[in-house]
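Encoded as structure tokens, the structure appears first; notes follow it.
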Amino acid sequence: MSKEASNEKSLNFIEQIIEDDLANGKHNGEVQTRFPPEPNGFLHIGHAKAISVNFGIAQRYNGKCNLRFDDTNPTTESTEYVDNIKKDIAWLGFEWDNECYASDYFDRLYDFAVTLIQKGLAYVDDSTADEIAEQKGSPDQPGTESPYRNRSVAENISLFVGMKNGDFPDGSRVLRAKVDMNSPNMHMRDPIIYRIKKEAHHRTGDKWNIYPMCDFAHGQSDSIEQVTHSLCSLEFIHHRPLYNWFIAHLEIYPSRQIEFARMNVSYMITSKRKLLKLVNEGLVTGWNDPRMPTIAGMRRRGFPPKAIVDFCVRAGVAKRDNLIDVGLLEFFVREVLNKETPRYMAVLNPLKVIITNYPEGKEEELVAINNPEDESQGTRIIPFSREIYIEQEDFMEDPPKKYFRMGPGRNVRLKNAYILHCEDYKKNAQTGAIEEVYCTYYPDSKSGQDTSGVKAKGTLHFVSIAHAKQAEVRLYDRLFTDPTPTAHDDKDYLDFFNTGSLEVLHNAFIEPALAEVVAGDRLQFMRKGYFAADDEHTSDKPVFNRTVTLKDTWAKMKKK
RNA sequence: AGACCUAUGGUGUAAUUGGUAACACAGCAGAUUUUGGUUCUGUCGUUCUAGGUUCGAGUCCUAGUAGGUCUACCA
């Protein structure tokens, strides 16, 4: 939990409920939550929110949080997803108490179903899917009862056992709870609780021919695990009466479901189907593409887990629809990275500078501070020589007055090195491109021992050409050009795909100290942003992903 | 159309439960700075509408309005 959260006096509505329960001695003062993913996809920023809420609440109240896989549909689920989900949660920094599976409760769930049948509260229905849908009616139209609704207990038991034993084909029969076909809540109109699926399950193999529906598994799983507060998103609010109905009629541990609004983030989407389409259509390279809002994508992008969790905590918990500015996430990413990452110099778009009065063949070793925010990160050596690269955008032939960088006749400091005076430059007559810049340096202006008295307004990063290494740099930007790409009735979300979301630079140059960096390392390229060494990065073939740019007030001024 | 949920600065969340509407981000202005970064200071701006209860309403009541959710053998 973040410091802010633990010191905060104000409580969100869930914490208020919990503190009331604690004050009343409910559940013996215990708090048990759970995070219940279905192992059929990758975790994304929305799951990160659910994780931080469930684990955060448990931490705050000295409770426990289980990881429970809601694996009741063998058609879509696999252990590969289980492994990835565990990896992502651990990476976010959370430890679950028990690792649970709804499938571990299949025997008990079956017994629960039998209990319901014996109480006259469930029946086997031979209707087709279409017929059942028709019976349910519509919200403003009461439903009609199934012709099979009043079978005897004995017949129901016999048929249900038959379903279990595989006597009937898939889809031929279902078990339905006998609730209320006239309820304005569609979920109470005799919901299906078991269906026939002669399919192998990733954990139970071919033991079962029938599988419980989520509604019949989720609440009972909570109850079995003695979950005190079952926190879920708002769309399950209509399921709560059913959740309570099962607990009441089964007379089992009274877990309580509490719903909160899921988090929406601008310029991001979290629909599993829509994300999959991006992958399938090749718009991204996979589920862990650094542009993806998946945990795996954000990890590869270089987002620190703490930033993601801080962001979720800051976004808060409430019941109204929300659209959180992705800028808030970027704020936390920068805040964490500013304190943690070592600084390096890398020139993304090189422009050659020759220091005409610096002796040919001479080399110097300059000392640079690794992180001005963290003295313990020490210093490193930066080589310096007569020919260097600076950033193309750091030179202007005819700069405006507020431009502090290099221009003809101007002074500018090289970070950790000398002050340069720009004497001349070479321009390509055809293209107009600046090809080389010629400068002189002030020998007594060396960083840390500057006695020159020369003034320079701007400071530039650079690399010594002879010592620099070529690298690939991938500049990532948001995936969509619209803050809510899925919210337009007249347009498809793919219409808003940001074709500029990835720019690959093959001709970047990095300082030699970067040789120590390994895949996954996060760092700052001074004045350019925070970057992470990609999964494909090696010291021979360096590849860096831009996590986020630095705040850029100059870019803002230019716009005006 | 029915049921349910929600409504506080640009965004998100608070308001010790009926007692001066605040915090963060974003914005704007300035200071510092060998990263146009960081840090610091200042500043802009808020209770959906209409009634009612009350000495006093963001909070309670009534009626509207707006947005969302639900009608899968998915979760």
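By convention in this document, chain letters (A, B, ...) are assigned in the order of the sequence lines, proteins followed by strands, and residues within each chain are numbered from 1. Just so you know, these numbers use all the heavy atoms, side chains as well, and skip hydrogens, waters and symmetry mates.
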Requested in this report: May I ask you to evaluate whether Lys556(A) reaches the phosphate of rC28(B), defined as a side-chain N or O under 4.0 Å from OP1 or OP2?
Outcome: yes
Query raised in the report: Using purine N1 to pyrimidine N3 plus N6-O4 or O6-N4 for Watson-Crick, or N1-O2 and O6-N3 for G-U wobble, each under 3.5 Å, what pairs with rG9(B)?
Result: none
Query raised in the report: Taking only side-chain nitrogens and oxygens of Thr459(A), does any of them come within less than 4.0 Å of OP1 or OP2 of rU33(B)?
Result: no
Query - Assigned partner base of rA29(B), Watson-Crick or wobble definition, under 3.5 Å - result: rU41(B)
Query raised in the report: Contact class for Phe236(A) vs. all strands (heavy atom < 4.0 Å): base, sugar-phosphate, or nothing?
Result: base
Report task. Could you state the atom-to-atom distance from CZ of Arg413(A) to P of rU33(B) in whole Å? Result -> 14 Å
Requested in this report: Select base, sugar-phosphate, or nothing to describe what Lys446(A) touches, counting heavy atoms under 4.0 Å on all strands.
Outcome: base
Report task. Would you classify Ser138(A) as touching base, sugar-phosphate or nothing, given that sugar-phosphate means primed atoms plus P, OP1 and OP2, and contacts are heavy atoms under 4.0 Å? Result -> base
Query raised in the report: Base, sugar-phosphate, or nothing for Asp321(A), non-hydrogen atoms under 4.0 angstrom?
Result: sugar-phosphate
Query raised in the report: Ala129(A) near the nucleic acid: base, sugar-phosphate alone, or nothing, with a heavy-atom cut-off under 4.0 Å?
Result: base
Report task. Could you tell me which nucleotide pairs with rG2(B) by Watson-Crick or G-U wobble geometry, both distances under 3.5 Å, or answer none if nothing does? Result -> rC70(B)
Query raised in the report: In whole angstroms, how far is the P atom of rC74(B) from the CD1 atom of Ile196(A)?
Result: 12 Å
Query raised in the report: Within 45° of the ring axis of Phe332(A) and under 6.0 Å from its six-membered ring centre, is that where the NZ or CZ of Arg314(A) lies?
Result: no
Requested in this report: Pick base, sugar-phosphate or nothing for Gly458(A), based on heavy-atom distances below 4.0 Å to the nucleic acid.
Outcome: nothing
Query raised in the report: Nearest of rU71(B), rG36(B), rC73(B) to any side-chain atom of Pro139(A)?
Result: rU71(B)
Report task. Quickly work out the Gln16(A) CD to rU59(B) P distance and round it to whole Å. Result -> 17 Å
Report summary line: Partner of rA15(B) under the Watson-Crick or G-U wobble criteria, both distances under 3.5 Å, comes out as none
Could you list the donor-acceptor pairs under 3.5 angstrom formed between side-chain atoms of residues 37-44 of chain A and any protein atom two or more places apart in sequence or on another chain?
residue  : atom : partner   : partner atom : Å
Glu38(A) : OE1  : Asn40(A)  : ND2          : 2.9
Glu38(A) : OE2  : Thr76(A)  : OG1          : 3.4
Asn40(A) : OD1  : Lys272(A) : NZ           : 2.6
His44(A) : ND1  : Gly46(A)  : N            : 2.9
His44(A) : NE2  : Thr270(A) : O            : 3.2

Report task. Look at all strands and tell whether Asn12(A) reaches a base, only sugar-phosphate, or nothing, counting heavy atoms closer than 4.0 Å. Result -> sugar-phosphate
**Report entry** Touch class at under 4.0 angstrom, heavy-atom based, for Pro36(A) against every strand present
**Finding:** nothing
Query raised in the report: What distance, rounded to whole Å, do you find between the two C1' atoms, one in rU13(B) and one in rA21(B)?
Result: 13 Å
Query raised in the report: Is Arg527(A) near enough to rG36(B) that one of its side-chain N or O atoms lies under 4.0 angstrom from OP1 or OP2?
Result: yes
**Report entry** rU20(B), syn or anti by chi within 90 degrees of zero
**Finding:** anti
Report task. Determine the contact category for Arg343(A): base if any of its heavy atoms lies under 4.0 Å from a base atom, sugar-phosphate if only primed atoms, P, OP1 or OP2 are that close, otherwise nothing. Result -> base
Requested in this report: Report yes if a side-chain nitrogen or oxygen of Thr72(A) is closer than 4.0 Å to either non-bridging phosphate oxygen (OP1 or OP2) of rA75(B); otherwise report no.
Outcome: yes
Requested in this report: Tell me what Glu38(A) touches on the nucleic acid: a base, only sugar-phosphate, or nothing, going by heavy atoms under 4.0 Å.
Outcome: sugar-phosphate
Requested in this report: Identify which nucleotide among rC25(B), rU35(B), rG36(B) has an atom closest to any side-chain atom of Leu328(A), counting heavy atoms from C-beta outward.
Outcome: rC25(B)
**Report entry** Of Asn322(A) and Pro184(A), the one whose closest RNA chain B nucleotide lies more 5'
**Finding:** Pro184(A)
**Report entry** Side-chain N or O of Arg240(A) closer than 4.0 Å to phosphate OP1/OP2 of rA3(B)
**Finding:** no
Query raised in the report: If you find the nucleotide of RNA chain B closest to Ser447(A) and the one closest to His239(A), which residue's nucleotide is nearer the 5' end?
Result: Ser447(A)
Requested in this report: Output yes when at least one side-chain N/O atom of Lys319(A) is less than 4.0 Å from OP1 or OP2 of rU6(B), else no.
Outcome: yes
Query raised in the report: Across all strands, who's sitting opposite rA75(B) as a Watson-Crick or G-U wobble pair, both distances under 3.5 Å?
Result: none
Report task. Return the nucleotide paired to rA21(B): Watson-Crick means purine N1 to pyrimidine N3 with N6-O4 or O6-N4, wobble means G-U with N1-O2 and O6-N3, both under 3.5 Å. Result -> none
Requested in this report: Using the C1' atom on both, measure rA26(B) against rC5(B) and round to a whole Å.
Outcome: 29 Å
**Report entry** Sidechain-backbone polar pair: Glu15(A) side chain, Asn12(A) backbone, donor-acceptor under 3.5 Å
**Finding:** yes
Query raised in the report: Taking the P atom of each, how far is rU20(B) from rU41(B), in whole Å?
Result: 26 Å
Requested in this report: Check step by step if side-chain contact (heavy atoms from CB on, under 4.5 Å) holds for Tyr243(A) and Phe236(A).
Outcome: CA-CA 10 Å; Tyr243(A) 181 104; Phe236(A) 289 94; over 6 Å; no
Requested in this report: Ignoring backbone atoms, establish whether Lys551(A) has a side-chain N or O less than 4.0 Å from OP1 or OP2 of rU35(B).
Outcome: no
Requested in this report: Remember a base hit wins even if backbone is also touched, and classify Leu323(A) as base, sugar-phosphate or nothing at under 4.0 Å, heavy atoms.
Outcome: sugar-phosphate
**Report entry** Gln135(A) side chain to Arg176(A) side chain, donor-acceptor N/O pair below 3.5 angstrom
**Finding:** yes
Query raised in the report: Taking any strand in view, what nucleotide pairs with rA63(B) in a Watson-Crick or G-U wobble way, both distances under 3.5 Å?
Result: rU49(B)
Query raised in the report: Between Phe160(A) and Tyr110(A), how do the two ring planes meet: parallel, tilted or perpendicular, split at 30° and 60°?
Result: parallel
Query raised in the report: Any side-chain N or O of Arg195(A) less than 4.0 Å from the OP1 or OP2 oxygen of rA72(B)?
Result: no
**Report entry** rG19(B) to rC60(B) separation - P atoms, rounded to the nearest Å
**Finding:** 11 Å
Report task. Pick base, sugar-phosphate or nothing for Glu134(A), based on heavy-atom distances below 4.0 Å to the nucleic acid. Result -> nothing
Query - Watson-Crick or G-U wobble partner of rG58(B), both distances under 3.5 Å - result: none
Query raised in the report: Distance check: side-chain N/O of Gln141(A) vs OP1/OP2 of rA3(B), anything under 4.0 Å?
Result: no
Query raised in the report: What is the ring orientation for Phe69(A) with Tyr101(A), classed by angle as parallel under 30°, tilted 30 to 60°, or perpendicular over 60°?
Result: parallel
Query raised in the report: Can you tell me how far P of rU71(B) sits from CG of Asp215(A), to the nearest Å?
Result: 11 Å
Query raised in the report: What is the nucleic acid contact for Lys197(A), judged by heavy atoms within less than 4.0 Å: base, sugar-phosphate only, or nothing?
Result: sugar-phosphate
Query raised in the report: What is the distance from CD1 of Ile369(A) to P of rG37(B), rounded to the nearest Å?
Result: 18 Å
Requested in this report: Choose from rG12(B), rA3(B), rG36(B) the nucleotide whose nearest atom is closest to any side-chain atom of Ile324(A).
Outcome: rG12(B)
Query raised in the report: What's the closest nucleotide to the Met213(A) side chain, out of rG36(B), rG37(B), rA75(B)?
Result: rA75(B)
Requested in this report: Indicate, with a heavy-atom threshold strictly under 4.0 Å, whether Ile237(A) touches base, sugar-phosphate, or nothing.
Outcome: sugar-phosphate
Query raised in the report: rU8(B) and rC48(B): how far apart are their P atoms, nearest whole angstrom?
Result: 6 Å
Query raised in the report: What residue among Glu391(A), Lys528(A), Lys415(A) forms side-chain hydrogen bond (donor to acceptor under 3.5 Å, both in side chains) with His461(A)?
Result: Glu391(A)
Query raised in the report: Between rC70(B), rG37(B), rG36(B), which nucleotide has the shortest distance from any of its atoms to the side chain of Pro372(A)?
Result: rG37(B)
Query raised in the report: Which of parallel (below 30°), tilted (30 to 60°) and perpendicular (above 60°) describes His239(A) and His187(A)?
Result: tilted
Query raised in the report: Should Arg320(A) be listed as having a side-chain N or O under 4.0 Å from OP1 or OP2 of rU13(B)?
Result: yes
